[in-house]
Participant: 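Input: one structure, supplied below.
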Amino acid sequence: MKIYKNPILNLIVQSCRDCPNRISQRYKNGNKYSTGWACKAITMKHKNPVSGIEISAHPSVRDAMMMDGFREDCPLEDKGE
């Protein structure tokens, strides 16, 4: 378990499935667009393969949600039991 903190609230989070940092993000999948879950607390920089411009993106939490756990690089503080 982890702890989500902001100036107003301290919240115990069981997994990425319950985390307030989880957002819905659209991405291009071939000629279509799809929607998936991502973590807004983690930002990764990489180059856009089409334009070559450096962009920032949020990583997917799909695997962590399926396993009812957290990403390895989760920035939330551990609960300490």
Participant: Sequence neighbours left out, what passes side-chain hydrogen bond (donor to acceptor under 3.5 Å, both in side chains) with Asp73? Give chain and number order.
Facilitator: Arg71

Participant: Can I get a per-line list of side-chain donor-acceptor pairs under 3.5 Å for residues 23-42, giving both atom names and the distance, sequence neighbours left out?
Facilitator:
from	atom 1	to	atom 2	distance (Å)
Asn29	ND2	Ser34	OG	3.4

Participant: How close do Lys2 and Asp78 get, heavy atom to heavy atom, and via which atoms?
Facilitator: NZ-OD1, 3.1 Å

Participant: Calculate, to the nearest 0.5 Å, the distance between atoms CD1 and CG belonging to Ile53 and Asn48 respectively.
Facilitator: 7.0 Å

Participant: Quick one: closest heavy-atom pair of Phe70 and Met1, and the distance?
Facilitator: CE1-CA, 4.2 Å

Participant: From Ile55 CD1 over to Lys45 NZ, what is the distance, rounded to the nearest 0.5 angstrom?
Facilitator: 10.0 Å

Participant: For residues 9-20, which side-chain donor-acceptor pairs fall under 3.5 Å, sequence neighbours excluded?
Facilitator:
from	atom 1	to	atom 2	distance (Å)
Ser15	OG	Arg17	N	3.3
Arg17	NE	Asp68	OD1	3.3
Arg17	NH2	Met65	O	2.6

Participant: Does any non-hydrogen side-chain atom of Thr43 lie less than 4.5 Å from one of His58?
Facilitator: yes

